[in-house]
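Step one of this worksheet: look at the structure below.
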Amino acid sequence: MVETEFTLVRTGGDQAVSDALYKGATPMTGEDIATAMLWVAELPPHININRLELMPVSQSFGGFQVARGE
């Protein structure tokens, strides 16, 4: 769950629908992803990252389960 401008694209440009998708949740941002990628890029050359899985703490491994604060 990452809130970016793509959310507007997939909702046909409807800001209200886009906002509703993330209401009560705390999604990751593009900046969060960029920070993680920078961390990987700056690791010593003898370290190999084979897989990196990122998700917000409010999202479970079930994919569509999101803990929303009301």
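The structure presented is a predicted model; accordingly, all values stated were derived computationally and were not measured. In what follows, every heavy atom counts, from backbone to side chain, and hydrogens, waters and symmetry copies are set aside. Residue numbers start at 1 and run along the sequence shown.
- Evaluation of the side chain to side chain contact (heavy atoms under 4.5 Å, CB included) rule for Tyr22 yields Met1, Glu3, Thr7, Arg10, Pro27 as partners, not counting sequence neighbours.
- From Thr11, atom OG1 reaches atom CG of Asp19 across 9.0 Å, with rounding to the nearest 0.5 Å.
- Cluster partners of Ile49 are Val2, Met28, Ile33, Met37, Trp39, Val40, Leu43, Ile47, Leu52, Leu54, counting Ile, Leu, Val, Met, Phe, Trp and Tyr whose side-chain heavy atoms approach within less than 4.5 Å, directly or via other members.
- With a 6.0 Å radius and a threshold of 12 heavy atoms from other residues, nucleotides or ligands, Glu31 has its CD atom at or below the threshold.
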**OP:** Let me see the working for Asp32 and Thr29 under side-chain hydrogen bond (donor to acceptor under 3.5 Å, both in side chains), right down to the final yes or no.
**Re:** CA-CA 5 Å; Asp32 295 329; Thr29 65; 3.2 Å; yes
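- Looking at residues two or more places apart in sequence or on another chain, you find no salt bridge (charged side-chain N to carboxylate O under 4.0 Å, His left out) involving Glu5.
- The backbone N or O of Asp14 lies less than 3.5 Å from no partner atom in the side chain of Ser18, so there is not a single donor-acceptor pair.
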